[in-house]
Amino acid sequence: MPELPEAETIVRTLAPHVEGRRIVGLRFHAVRARMGEIPPVEGRVVRRVSRYGKQVLLELDDGALLIQLRMTGALVWNGAPGPYTRAVLELENGAVCFNDIRQFGSIRWLSAPPRNLGPDPLEIPLEAFVRRLEAHRGRIKPLLLDQRFVRGLGNIYVDEILFRAGIHPRARVSRLSRERAARLHRSMEVVLRLAIDRGGSSISDYVDAEGRRGSFQELHQAYGRAGAPCFACGRAIRRIVVGQRGTHYCPKCQRP
DNA sequence: CTTAATGTTCCCCA
DNA sequence: TTGGGGAACATTAA
């Protein structure tokens, strides 16, 4: 469920409730939700809530809880625990439910800040982005989905970004002109910022920490619009499979 | 009953 | 080493 804009929205809506608050307990309702060992966190204070790509970090004094939401994970403040609640973090002033229908998500302990992924797409300068592109060969969509290339993009936003940039999802990275690379860089920033402004995309399950849905799905130009007319040219949006992921694009605006 | 779904990881092959 | 394809994980909805 969460890509960068959803994770960012969760962080922004969760932070005011938990930052500076003392932890009372961390309980797992599903064994698979905990990845690896987690030291006792009772009595420790949540210093900061932040985002690393599409993951959420609850930073304590000497480490952090890293929450991977994967496909259906959610962090809801003071929500009632339900059948899909996999863990609950109790604080002095309330609780955070980690809900996750498909159970792909997990919570793990980090003793040092993560740095295993690529740069944040909202922070990487154009020059660095172009240099990174030049170091790769394959197709553009799988590369943008690779979290080691940039961190935070997922299936929805890659389709939206490529649409806005007018680039075919199967375009070869090595054949992108500098101009198109610049357009891609700009589209990345515009689409992500717009999506954050709209509180993310709620296709099925996604809600922020207040339990509210996002509205960026109403502005999708490509994702989920197979067969519908392109807002730019009127041609039907096409759905293909690229790297095992459903991929939506306009055959006219995104020429091969 | 079959397929696809906002994600990642692992295995095999070129 | 890199990249591509397929499968796996668990659950729901169409």
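- Look at A:Glu90 and A:Arg27 and you find a salt bridge, because one of the NZ, NE, NH1 or NH2 atoms lies within 4.0 Å of a carboxylate O, short of that distance.
- Nucleic acid contact for A:Tyr157: none, since no nucleic acid atom lies under 4.0 Å from a heavy atom of the residue.
- Cation-pi geometry between A:Arg225 and A:Tyr249 is not met: the NZ or CZ atom fails to fall both under 6.0 Å from the ring centre and inside 45° of the normal.
- With C1' as the reference atom, C:dG4 and B:dA5 are 22 Å apart, rounded to whole Å.
- In this model, the phosphate group of C:dG3 is not approached by any side-chain N or O of A:Arg139 to a distance below 4.0 Å at OP1 or OP2.
- Nucleic acid contact class of A:Ile101 (heavy atoms, under 4.0 Å, all strands): sugar-phosphate only.
- Across all strands shown, A:Ser202 has no heavy atoms under 4.0 Å from either base or sugar-phosphate atoms.
- Distance CZ (A:Arg137) to C1' (B:dA14): 16 Å, rounded to an integer number of Å.
- Between B:dG7 and A:Arg245, a contact under 4.0 Å exists linking OP1 or OP2 to a side-chain N or O.
- Regarding A:Arg108, its CZ atom lies at a distance of 11 Å from the C1' atom of B:dT9, rounded to whole Å.
- Rounded to an integer number of Å, the gap from A:Arg148 CZ to B:dT8 P is 11 Å.
- An OP1 or OP2 oxygen of C:dG3 is reached within less than 4.0 angstrom by a side-chain nitrogen or oxygen of A:His136.
- Regarding A:Gln244, its CD atom lies at a distance of 17 Å from the P atom of C:dG3, rounded to whole Å.
- One finds the CG atom of A:Leu110 at 4.5 Å from the CG atom of A:Leu66 (value rounded to the nearest 0.5 Å).
- Both A:Ala135 and A:Asp100 lie near DNA chain C, and the one whose nearest nucleotide falls closer to the 5' end is A:Ala135.
- In this structure, the CZ atom of A:Arg102 is 10 Å from the P atom of B:dG7, given to the nearest Å.
- Partner of A:Leu75 under the side chain to side chain contact (heavy atoms under 4.5 Å, CB included) criterion, out of A:Ile67, A:Val18, A:Ile107: A:Ile67 alone.
- Look at A:Arg183 and A:Glu179 and you find no salt bridge, because none of the NZ, NE, NH1 or NH2 atoms lies under 4.0 Å from a carboxylate O.
- When the P atom of C:dC9 is taken as reference, atom CD of A:Gln103 falls 13 Å away, rounded to whole Å.
- Atom pair A:Phe104:CZ and C:dT11:P shows a separation of 9 Å (rounding to whole Å applied).
- Contact check, A:Gln68 against B:dT8: no side-chain N or O comes under 4.0 Å of OP1 or OP2.
- Shown here, C:dA10 forms no base pair; nothing in the strands shown gives a Watson-Crick or G-U wobble contact with both key distances under 3.5 Å.
- Residue A:Tyr84 contributes atom OH, which lies 7 Å from atom C1' of C:dT11 at whole-angstrom precision.
- On the P atoms, C:dA7 is 15 Å away from B:dT2, given to the nearest whole Å.
- The phosphate of B:dT8 has OP1 or OP2 within less than 4.0 Å of a side-chain N or O from A:Gln147.
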